[in-house]
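Let me begin by presenting the structure, written as structure tokens, before commenting on it.
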Amino acid sequence: MSTERSVRITFFFKHLEGFLYRHLECRLNEALHAFLQSTYGLDFPNLVIEQPPKVEFGEYALPIAFELARKLRKAPRKIAEEIIAGIGTVPGFEKFEVAGAGYINVRVNRAQVAIELVADHEPAEKVPAGKVLVEHSSINPNKAAHVGHLRNAILGDTFVRLLRFAGREVDIQNYIDNTGVQVADVVVGFLHIEKKTRAEIEVLAAAPRFDFYCWDLYARASQWYEQDKQNLQKRLATLHAIEEGNNETAAIADLISIAVLRRHLETMDRLDIEYDFLPRESEILHLHFWDAAFTKLKEAGVLTYETEGKNKGCWVMRRAGTSNTSNTEDAGDQEEGKITEEDQKVIVRSNGTVGYVGKDIAYHMWKFGLLGRDFGYRKFYRYPNGRDCWISSTQGEKNHPHFGDVAEIYNVIDARQAEAQNTVIEALRGLGHSEAADRYTHFSYEMVALTPRCAAELGYELSEEDKARPWIEVSGRKGFGVKADDLMDALIASARTEVDSRHPELEDAERAAIAEKIAIGALRFFMLKYTKPSVIAFDFKDALSFEGETGPYVQYAVVRATNIFRKGGFNPDSFCRDRIGIASSDGDGARAVSTESSGNAADFGRYFEGLDGSEIWELWLSAAKTSYIVAQCIATTEPAYIAKHAFQMAQLFNTFYHRHPILAEADEGRKRFLLTTAAVVRRELIRVLNMMGSSVPTAM
RNA sequence: GGGCCCGUAGCUCAAACGGAUAGAGCAUUGGAUUUCUAAUCCAAGGGUUGCAGGUUCGAUUCCUGCCGGGCCUACCA
């Protein structure tokens, strides 16, 4: 395990460039991998690299020696020593040391990381080929969006931003189910309960917050069905008329769904959430996507025709998650591929109509470019920034962007639909598109429910049983829930009260703008701080909080950093460039930035020494982790990590801010170092907030 | 009945791949230099990680069983 070998190993590093946390981790991984391979002939496909519990232990920790102890029949400490002796030097690392019973703690070259950060130099990544499609929101266009939809849209939009940060090209789609029962119910409400004419509905649809009107009407329609079961016939007739198209009822349904859809886009635009394309179920129907899919599904034997039992006359497929590996003894008795009734999912009903899973299969074949058909496209909505959002249409415009035909898809859909999603995946697999199925991710998350207390606040009467529940599910049918716009209004009003009392000197418009940024920042952070499998039991008290682990806490850290530069007469955005600017042209910052003047990046090493230095280093380290966290978020489809990261960095910054009065610092070199620290952290915080879809107010 | 998810401090949540003393926020209590500083900072108390086994050098994490809760399980979408 000579150094010669180490040098040779070094030669094969794929990630020679980069000194940020993520690059160093990759390089450490490769160095270790190569060493274990060449020395012990062992291959570890996924080596564990941890983060030590405390920064004093270093930046990385390797528990590998414990794992090797058994295989090599040696003490872990001994193995750890061997590895350290054999691995030699790795660029960017300063020291490997044995700790505890056999950990290898790894220290990085702090100054080198700092130089990289100051230069804001992120080496070009090898980005996987192909486009990514993220589908999110997908709100039924029959009533106002509520808190549950906010969670969906915020998760989806943040994931899009994370992917784009990682260099991926992303299409954002919002699937619109405009021909289903939910829309039919509102149509029934207008035509049969309120007995409105088309002209009257048109007037209502043009009024502000038409979706709120529909919210109530939808709940009334549900009640109306319960009053008299005969009324359900109206629903059925309406549904048929809508699916059929080309009639007055369908036209009214279209006008309603379009108006509500516009409201949804406006609501989401308040959160800076945009879409590229809105595929609608009506086009999946009218452009006969299903026919094309049906033929292929039959040919591939994915669908089977039932000739008896409760699903007689239906085309069914195996429900995902049910086992088709029947006991071998039984196999002889049963026909090949026979699915028990319980495990059957009806795709085509006995009356020949297709259910939503079938339509979803066709839609997903289209997404991967496997259907052989395409939508028509027309422009639908223009965002304030000038970008267009397109919608599906039977007859489209000639020139339109190319949608679909993507390499990977992520569907942001709540956990209740896991089985349906998995059934679509299995259908793709059954069609022989395993590689597509493997790149199909159901981005599953749990619902937003309301705490019993919150429900009571909203004026709902609760049974004793309900009061004892941890949460109560939102129900559109009952009109039970918190509307997205109402929540945003409440947040803005609450933030506004605070801003008014803190900054009476500011103009009204500026105070309004500040309150809005705080409100949106709070909301987005709130929806992101919970991990996906956690049900959010919504409560106004938690959501309206602007202190502690919240979005405004992070925004405030940035405002504080900005204040330092303003008071000091510096430009925070160009501060780092001005420090390092001239020197980094030959690509190697470490050498190029010499120690010609104190306060240069290369000088930073000494400021990281000692206890005080280590504390500041922890802040730099956090700032260096952004791309690492992003990669982790994408790999685990978990945006919560980015919120956690933002909070932790802000927390470290606030401590730093409190401990070091920067502008009062007498030592010029040290002052510049502290300013650079603030500039770098500020930049990273803004970057991370942008990924979470929020921006920073001018004052707080 | 079957499938999926959850159970961690008084409350709300973290702890990717099994790893070092299980961490935050809120709430409670006590403190913070007229400063770039209070939407902030520091400190204290608070834990048998639902229960019982198993695997492992090591389990909040993996396996089995039980207890408690949620969701899915329509010729609805």
Side-chain angles (χ1 to χ4, degrees), chain A residues 46-50 52-54 57 61 63 66-67 69-70 76 99-103 105 140 177 179-183 239 281 306 310-316 319-323 342-343 345-353 355-357 359-360 414-420 422 444 446-447 449 451 469-471 473 495 498-499 502 518 522 529-531 533-537 539 541-542 545-550 552-553 555-557 559-568 632-633 635-636 638 640-641 644 647-648 651 654-655 657-664 674-675 678 700:
Chain A
N46 25 359
L47 258 165
V48 176
I49 299 181
E50 294 173 356
K54 286 184 174 173
F57 296 159
F66 297 111
E67 201 167 331
R70 162 167 292 201
Y103 274 97
N105 286 340
N140 280 317
D177 176 9
T179 55
V181 220
Q182 303 223 25
V183 171
L239 189 59
E281 189 169 81
E306 286 302 301
K310 73 168 181 161
N311 295 329
K312 184 176 176 186
C314 299
W315 287 89
V316 304
R319 190 188 296 285
T322 62
S323 111
E342 217 176 35
D343 293 348
K345 175 76 199 166
V346 171
I347 303 299
V348 181
R349 302 178 192 115
S350 55
N351 67 3
T353 58
Y356 89 107
V357 174
K359 286 177 246 180
D360 227 22
D414 78 64
R416 287 172 289 199
Q417 296 203 46
E419 192 181 280
N422 289 331
S444 169
E446 266 295 348
M447 62 183 171
T451 61
R469 289 178 191 276
W471 61 72
E473 205 172 334
E498 291 292 322
V499 177
R502 284 160 209 259
I518 291 171
K529 72 192 250 188
Y530 300 91
T531 52
S534 171
V535 173
I536 298 181
D539 197 310
K541 181 176 75 71
D542 301 328
S545 168
F546 298 148
E547 289 169 19
E549 194 173 348
T550 66
Y553 178 98
Q555 292 171 319
Y556 186 56
V559 169
R560 287 178 130 185
T562 309
N563 285 344
I564 301 171
F565 289 93
R566 204 189 51 227
K567 285 262 168 79
Q632 192 180 333
C633 287
T636 58
E638 181 51 271
Y641 299 133
K644 189 61 88 182
F647 175 65
Q648 277 167 355
Q651 208 174 25
N654 274 328
T655 306
Y657 181 85
H658 186 257
R659 268 189 211 162
H660 305 281
I662 297 177
L663 295 177
L674 295 174
L675 277 168
M700 278 182 81

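Excluded from the calculations below are hydrogen atoms, water molecules and symmetry mates; all remaining heavy atoms, backbone and side chain alike, are included. Proteins get letters first, then strands, A, B, ... in listed order; numbering begins at 1 in each.
For the 3.5 Å distance criterion, the side chains of A:Asn563 and A:Arg566 qualify, holding a donor opposite an acceptor. Judged purely by distance below 3.5 Å, without hydrogens or angles, the side chains of A:Tyr556 and A:Asn654 never pair a donor atom with an acceptor atom.
Between A:Tyr530 and B:C6 there is no side-chain polar atom (N or O) within less than 4.0 angstrom of OP1 or OP2. Distances shown here put every side-chain N or O of A:Arg659 at or beyond 4.0 Å from the OP1 or OP2 atom of B:C41. Taking side-chain N and O atoms only, A:Tyr641 has a distance below 4.0 Å to OP1 or OP2 of B:A15. Between A:Arg502 and B:A39 there is a side-chain polar atom (N or O) within less than 4.0 angstrom of OP1 or OP2. Taking only side-chain nitrogens and oxygens, A:Thr550 never comes nearer than 4.0 Å to OP1 or OP2 of B:G25. Between A:Arg469 and the phosphate of B:G68, there is no side-chain N or O to OP1/OP2 separation shorter than 4.0 Å. In terms of phosphate contacts, A:Asn654 brings no side-chain nitrogen or oxygen within less than 4.0 Å of OP1 or OP2 of B:U40. Side-chain nitrogen and oxygen atoms of A:Arg560 include none within less than 4.0 Å of the OP1 or OP2 phosphate oxygen of B:A38. Side-chain N/O atoms of A:Gln651 include one lying less than 4.0 angstrom from OP1 or OP2 on B:G25.
Between the base of B:A20 and the side chain of A:Asn105 there is a donor-acceptor pair shorter than 3.5 Å. Side-chain atoms of A:Tyr356 come within donor-acceptor range of the base of B:A77, with a qualifying N/O pair under 3.5 Å. Within 3.5 Å, no donor on the side chain of A:Ser534 pairs with an acceptor on the base of B:C13, nor the reverse.
Annotation: the span from A:Ile518 atom CD1 to A:Met700 atom CE amounts to 4.0 Å, rounded to 0.5 Å.
Taking atom P in both B:G47 and B:U8, the straight-line distance is 15 Å, to the nearest Å. As rounded to the nearest Å, B:C6 and B:U60 have C1' atoms that lie 13 Å from one another.
When heavy atoms are screened at a 4.0 angstrom cut-off, A:Gln648 is found touching no nucleic acid atom at all. When heavy atoms are screened at a 4.0 angstrom cut-off, A:Tyr657 is found touching base atoms of the nucleic acid. Contacts of A:Gly313 with the nucleic acid, taken as non-hydrogen atoms under 4.0 Å apart, are absent.
Remark: A:Lys541 does not engage A:Asp539 in a salt bridge, criterion side-chain N to carboxylate O under 4.0 Å.
Comparing A:Lys541 and A:Pro53 against RNA chain B, the residue whose closest nucleotide sits nearer the 5' end is A:Pro53.
The ring pair (Phe, Tyr, Trp, His ring centres under 6.0 Å) check on A:Tyr530 picks up A:Phe526, with sequence neighbours excluded.
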